[in-house]
Structure formats: C-alpha cells, structure tokens
Amino acid sequence: MTLVAGIDSSTQSCKVVIRDAETGKLVRQGRAAHPDGTEVHPDAWWAALQEAIEQAGGLDDVAAASVAGQQHGMVVLDENGEVVRPALLWNDTRSAGAAADLIQELGGGAKWADAVGIVPVASFTLTKLRWLARNEPANAARVAAVCLPHDWLTWKLSGSTDINTIKTDRSDASGTLYWSAKTNEYRPDLLELGFGRLLKTPEVLGPTGIAGHLPNGAPLGPGAGDNAAALFGTGAGPGDAVVSIGTSGTVFVSAEVSPDDPSGTVAGFADVTGRFLPIVVTLNAARVLDAATKLLGVDHDQLSSLALQAPAGADGLVLIPYLEGERTPNLPDATGSIHGLTLRTADPAHLARASVEGMLCGLADGLDALIRHGATANRIVLVGGGARSEAVRRVAAELFGLPVLVPPPGEYVADGAARQAAWVARGGAEPPVWTAETPETYEAVAAPLIREQYKKVANLLK
Ligand SMILES: Nc1ncnc2c1ncn2[C@@H]1O[C@H](COP(=O)(O)OP(=O)(O)O)[C@@H](O)[C@H]1O
Ligand SMILES: O=C(CO)[C@@H](O)[C@H](O)COP(=O)(O)O
C-alpha cells in the first residue's frame with residue numbers, strides 16, 4: 001500500500017492525515033492545537049505540526065506529502081530565513097485602514113478586481129505588509145522575503161533555509177493582492193505600491209509541482225490554501241457549493257473563469273487544478289457557536305438541542321454575529337448585537353437558535369453573491385467543525401433552501417492535501433479519483449422568514 005500525507009495548518013489547529021494513495025482510505029491521523037489570537041509566531045505552527053505528525057505515526061513511510069493551510073497570513077523572513085515578527089493572520093483586522101488606502105491609491109475596487117481578482121480587505125497579505133511598513137519600520141527594513149503559512153511549513157519540512165527555495169501554489173498566491181489568478185503572474189508593481197519596495201516572493205508551482213523533499217526523499221507537493229484544498233478533498237463538483245464552518249465561514253464553488261467582483265464581496269481565488277475558486281468569506285463562523293456555548297453555559301451538543309427547541313426565525317430574535325468585526329460585509333470595527341429581545345424570546349433556546357441562524361445568514365448572502373457572479377448551486381456540501389452540529393445542518397437546509405449534504409465528519413482540507421500528494425506521487429494530467437463516503441442529506445421546507453428578518457436588522461448596521 002502506497003501512503004501519502006495531507007496536512008491542514010488551519011487557524012485553530014494542525015491536522016495530519018495519512019491515506020492510501022490509491023483509494024484514499026484513512027490509515028492514520030493526528031492533531032495538535034494552535035495558540036489563540038490573530039497574530040501567531042510561525043514556530044508555534046511548526047511545533048504543532050511536529051506533534052500532529054508524531055501522533056499520526058510519522059512521515060517516514062509516505063511516498064509524498066502536501067501542506068494546506070489558513071490563507072493570507074503574513075510570514076516575513078530576513079535574508080537568513082529567520083522570522084522577523086509573528087505573522088498577522090487572515091482574521092487580524094488592524095490593517096483595515098491600509099486596505100482602504102490601497103483601494104484609494106489604485107483608483108477603486110474595480111481596479112483591484114481587474115488586476116488580481118480581489119479587492120483589499122484587512123485579511124489579505126499586502127494590507128498587512130502595508131501596515132508593517134507604516135507601523136514597524138525597523139522590522140520592515142529587515143524583511144527580505146514574504147510567504148504564506150503553508151509555504152513556510154512546506155519549506156521547513158524540506159529542510160531548506162534558503163529563502164530562494166520557498167514555493168507556493170496558485171490558490172494561496174491568489175489571496176495576496178500581488179499575484180493574479182487570471183494571468184498566473186505576480187504583480188510586482190502592486191507589491192511595491194503596498195510595501196514600498198520589492199521582496200522575494202515564492203515561485204508559484206502548478207498542480208503537481210514539487211516544492212522540495214522530505215528527509216525520506218518523498219516529494220512535497222505545492223500545497224494549497226485551505227478552501228481550495230477543501231474543495232479538492234470533498235470531491236464537490238459542478239452544481240455543488242461548499243460551505244465550510246470553521247474559524248472562518250466560507251462558501252465557494254469551482255469555476256472556469258474569475259468572477260471579477262468590484263465590490264470585493266466575491267473573491268476570485270484560484271483552485272488547485274488550474275481553474276478558479278470564487279469564494280465569499282466571513283470572519284465569524286464556528287466561534288459564534290463557541291461564544292453561544294459560553295453565554296449559555298452548555299456544550300455544543302446541548303446548544304444544538306436548545307436551538308432545535310425554538311422555531312425557525314426564533315420568534316423574531318436576531319443575532320448579528322459580528323463578534324470580531326466582520327469581513328463580508330467589510331465592517332472591521334463592528335460588534336455583535338441581539339435584536340427582537342422580548343419576554344417570549346428571552347430564553348436559552350431562542351438565543352441558541354438565533355446564534356445558528358445569524359451565523360449562517362452571512363453565508364447565505366454569500367451564496368447569493370456567488371450566484372449573481374455566475375455560479376450554479378443545486379446542492380450545499382457542508383464541512384468544517386461547525387458542520388458537526390445537528391442544528392447547523394438542519395437550519396442550513398431551511399435557510400439555503402437546497403439539499404445539504406454532510407460528508408462524514410473529517411478533515412477535508414487535510415484530505416485535499418493528501419489527494420494532491422497522491423497526484424504528485426502518481427503524476428499524470430488528472431488527479432486520482434478517491435471513493436467518497438456517502439454523505440448524510442438534509443432537506444427542509446425553506447424558511448425565508450429567517451433571512452428576511454436578518455436582512456432588515458443587518459441593513460440598519462451598514
Ligand atoms: N459539534 C460542534 N458543533 C459546533 N461547533 C463545533 C463542534 N465541534 C467543533 N466545533 C467548532 O469548530 C471549530 C473548529 O473547526 P475547524 O474547521 O477545525 O476550524 P479551523 O479549520 O478554522 O481551525 C471550533 O471553533 C470548534 O469549537
Ligand atoms: O481567509 C480565509 C479565506 O480567504 C479563511 O478561510 C482562512 O483561510 C482561514 O481558514 P480556517 O482556519 O477558517 O479554515
């Protein structure tokens with residue numbers, strides 16, 4: 001049996017899966033937590049990766065490995081390959097002002113959408129480089145290279161210390177604001193606009209490019225941004241919209257063309273096969289449910305049971321889930337709020353239901369935006385930690401008004417990385433076809449009231 005390793009270095013944890021390269025069957029796995037916060041030293045990811053690899057039985061017997069990871073994190077290195085300062089993550093909003101400046105300096109969002117398929121928001125790497133240049137000039141002066149979390153971990157696994165050998169892939173490069181998924185080229189002019197000078201950036205590999213080798217000689221694949229890996233890991237196809245409830249909330253499809261949305265609501269990322277990944281991302285997803293469990297003093301299973309005791313629409317109780325500001329809509333300084341509190345709705349069940357509904361409404365708006373930009377969605381494929389919640393599954397079916405398919409709980413980002421590794425190991429023009437386990441399907445009578453009342457309240461905040 002040929003084994004391959006897939007890694008997901010996500011916001012909250014690192015997951016490692018060891019799978020059969022031929023069938024995709026799970027053989028071993030490991031997991032380790034990351035520190036909390038919106039800026040993290042990459043050494044913490046490296047420590048978690050080592051722990052998760054050890055838990056998964058090591059990599060000595062794998063034929064290939066690939067690393068997927070949280071996107072956009074600013075990993076800045078000096079000329080010796082040392083980390084200059086902790087990485088600002090995708091969910092750090094301190095560069096929101098830099099994002100607004102960059103939009104204005106290039107002449108508007110449409111210019112950015114046309115140039116690189118995305119419009120600056122605090123999540124994207126170049127806004128963080130601008131923040132660094134303006135706020136930490138001494139650190140900025142030391143920076144020789146910039147890369148992303150998955151690039152850096154792949155480089156570390158290769159054992160290299162030479163910044164000229166760092167590699168990346170299309171999907172993650174497309175979230176930086178200085179690489180275009182449409183032209184497959186860097187935009188050094190935009191990097192210089194943002195940071196003030198040029199930097200060493202990783203070579204962007206194709207779908208089965210080799211980024212280095214493990215100590216056992218096995219090739220390291222190009223890796224991927226986590227959402228592109230999740231699409232590849234679930235095997236979602238035409239007509240499927242993937243909704244991931246992780247630290248971020250994401251809704252995305254596979255597409256042949258980039259959406260070019262001048263509003264920035266839909267980001268035109270690349271996927272791992274040479275195509276595109278139109279996506280809408282919210283800053284508040286699984287952590288909204290975490291917060292609700294804290295508020296109510298319950299665990300996730302109890303929160304789910306409570307939520308399902310209240311009716312659709314929670315009798316008018318609406319929770320706007322902007323607990324860490326929000327990315328889509330771009331409201332970096334917003335906070336969460338509760339509306340429609342009455343004697344009838346002031347109880348744990350209504351609050352639980354409102355937290356699930358509020359968290360999902362932003363993603364339903366995102367799916368509408370994807371459809372406005374050409375996507376077709378006949379089914380929802382629901383993944384991520386939040387997809388383990390029965391209430392999330394059932395409310396999603398009511399809210400999206402489409403069949404919701406929930407694959408067996410797993411690590412679909414890491415699975416996508418493992419499938420990429422199998423493709424690298426085998427070669428060829430097409431990726432291996434792995435047998436997917438039968439998903440559970442949830443269908444419900446659509447409940448438009450949920451989104452109608454949410455929209456009314458959310459519009460008051462814009
Ligand atoms: N049964 C559950 N119901 C709701 N949320 C859950 C459940 N299990 C885990 N979670 C939440 O899912 C999140 C982790 O999901 P994951 O997709 O691994 O996140 P990330 O990829 O961003 O690190 C955590 O916030 C965790 O509390
Ligand atoms: O910013 C994005 C995508 O643009 C997020 O999807 C991050 O990539 C974090 O992913 P998770 O940790 O939530 O999986």
Side-chain angles (χ1 to χ4, degrees), residues 7-15 31-36 38 40 45 48 52 68-74 88-93 117-119 121-125 127-128 148-150 171-172 174-177 224-231 233 242-252 264-270 277-294 298-307 323-324 327-328 352 355-356 359-360 363 366 382-393 395-396 406 409-414 416:
I7 294 161
D8 172 19
S9 181
S10 66
T11 310
Q12 296 187 45
S13 61
C14 182
K15 288 80 98 167
R31 179 194 193 97
H34 284 158
D36 204 356
T38 63
V40 174
W45 303 330
Q70 59 177 304
Q71 296 182 244
H72 317 308
M74 179 189 73
L88 297 185
L89 305 189
W90 68 277
N91 55 355
D92 188 285
T93 55
I118 56 179
V119 177
V121 288
S123 284
F124 297 152
T125 320
T127 71
K128 301 176 193 298
L148 300 164
H150 109 257
S171 71
D172 227 355
S174 63
T176 59
L177 285 167
D226 53 0
N227 296 293
L231 184 76
V242 179
V243 172
S244 174
I245 313 290
T247 310
S248 65
T250 59
V251 52
F252 49 92
T265 299
V266 178
F269 292 164
L277 190 94
I279 186 171
V280 176
V281 183
T282 63
L283 196 48
N284 298 279
R287 282 191 168 146
V288 176
L289 307 181
D290 295 348
T293 61
K294 250 171 43 182
V298 296
D299 65 23
H300 277 297
D301 288 343
Q302 292 163 327
L303 182 76
S304 174
S305 304
L306 280 169
L323 306 188
E324 297 191 270
R327 164 173 163 179
T328 313
S355 63
V356 174
M359 182 271 292
L360 287 169
L363 291 166
L382 185 66
V383 296
R388 297 170 191 268
S389 162
E390 184 69 14
V392 167
R393 298 174 178 191
V395 174
V406 184
E411 296 304 340
Y412 290 92
V413 174

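Predicted, not measured: the structure shown is a model, and the values here were computed from it. Note that ligands are numbered from 1 as they come in the structure, with each ligand's atoms numbered from 1 the same way.
Taking atom 4 (C) of ligand 1 as the reference point, the nearest protein heavy-atom neighbour is H300 ND1, 3.2 Å. Closest protein heavy atom to atom 13 (C) of ligand 1: A286 CB, 3.6 Å.
The distance from atom CG of D226 to atom OG of S244, rounded to the nearest 0.5 Å, is 7.5 Å. Separating the CE atom in M359 from the CZ atom in R287 is a distance of 14.0 Å, to the nearest 0.5 Å. Note that CG of L148 is 5.0 Å distant from OG1 of T125, once rounded to the nearest 0.5 Å. A distance of 11.5 Å separates CG in L89 from OG in S248, rounded to the nearest 0.5 Å.
Looking at G385 next to ligand 1, an N or O pair under 3.5 Å apart turns up. Below 3.5 Å of separation, one finds no N or O of D301 facing any N or O of ligand 1. At under 3.5 Å, a nitrogen or oxygen of S10, whether backbone or side chain, sits near a nitrogen or oxygen of ligand 1. Ligand 1 has an N or O atom lying under 3.5 Å from an N or O atom of K15, backbone or side chain.
Ligand 1 places these atoms under 4.0 Å from at least one heavy atom of R388: 1 (N), 2 (C), 8 (N). Within ligand 1, the atoms closer than 4.0 Å to a non-hydrogen atom of T247 are 19 (O), 20 (P), 22 (O), 23 (O), numbered from 1 in the order shown. For ligand 1, the atoms closer than 4.0 angstrom to any heavy atom of T11 are 23 (O). Below 4.0 Å from some heavy atom of G384 lie the following atoms of ligand 1, by number and element: 17 (O). Atoms of ligand 1 lying under 4.0 Å from at least one heavy atom of D290, given by number and element, are 24 (C), 25 (O), 26 (C), 27 (O). Near R31, meaning under 4.0 Å from any of its heavy atoms, are these atoms of ligand 1: 18 (O).
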Find all protein N or O atoms under 3.5 angstrom from an N or O atom of ligand 2 and list the pairs with distances, or write 'none'.
residue, atom, partner, partner atom, Å
ligand 2, 1 (O), H72, NE2, 3.3
ligand 2, 1 (O), R327, NH1, 2.8
ligand 2, 4 (O), H72, NE2, 2.6
ligand 2, 4 (O), R327, NH1, 3.4
ligand 2, 4 (O), R327, NH2, 2.8
ligand 2, 6 (O), N227, ND2, 3.0
ligand 2, 6 (O), S248, OG, 2.9
ligand 2, 8 (O), Q71, N, 2.9
ligand 2, 8 (O), D226, OD1, 2.8
ligand 2, 8 (O), D226, OD2, 3.1
ligand 2, 10 (O), D226, OD2, 2.5
ligand 2, 10 (O), S248, OG, 3.4
ligand 2, 12 (O), T11, N, 3.1
ligand 2, 12 (O), T11, OG1, 2.5
ligand 2, 13 (O), T247, N, 3.4
ligand 2, 13 (O), S248, N, 2.7
ligand 2, 13 (O), S248, OG, 2.6
ligand 2, 14 (O), D226, OD2, 2.8

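Contact record, E324 with L283: O-CD2, 3.2 Å, taken as the closest heavy-atom pair.
Heavy-atom proximity to atom 24 (C) of ligand 1, evaluated over E411, M359, Q12, is greatest for Q12.
Just one of D290, T247, D36 meets the side-chain hydrogen bond (donor to acceptor under 3.5 Å, both in side chains) condition when paired with Q12; it is T247.
Taking the six-membered ring for Trp and thresholds of 30 and 60 degrees, F269 and F124 have ring planes more than 60 degrees apart, a perpendicular arrangement.
Applying the salt bridge (charged side-chain N to carboxylate O under 4.0 Å, His left out) test to R388 and every residue at least two apart in sequence or in another chain returns E411.
Residues N227 and Q71 bring a donor and an acceptor atom of their side chains to less than 3.5 Å of each other. Side-chain contact annotation: W90 with T11, donor-acceptor N/O pair under 3.5 Å present.
Between the side chain of N284 and the main chain of L323, a donor-acceptor pair closer than 3.5 Å is present. At least one donor-acceptor pair closer than 3.5 Å links the side chain of S305 to the backbone N or O of D301.
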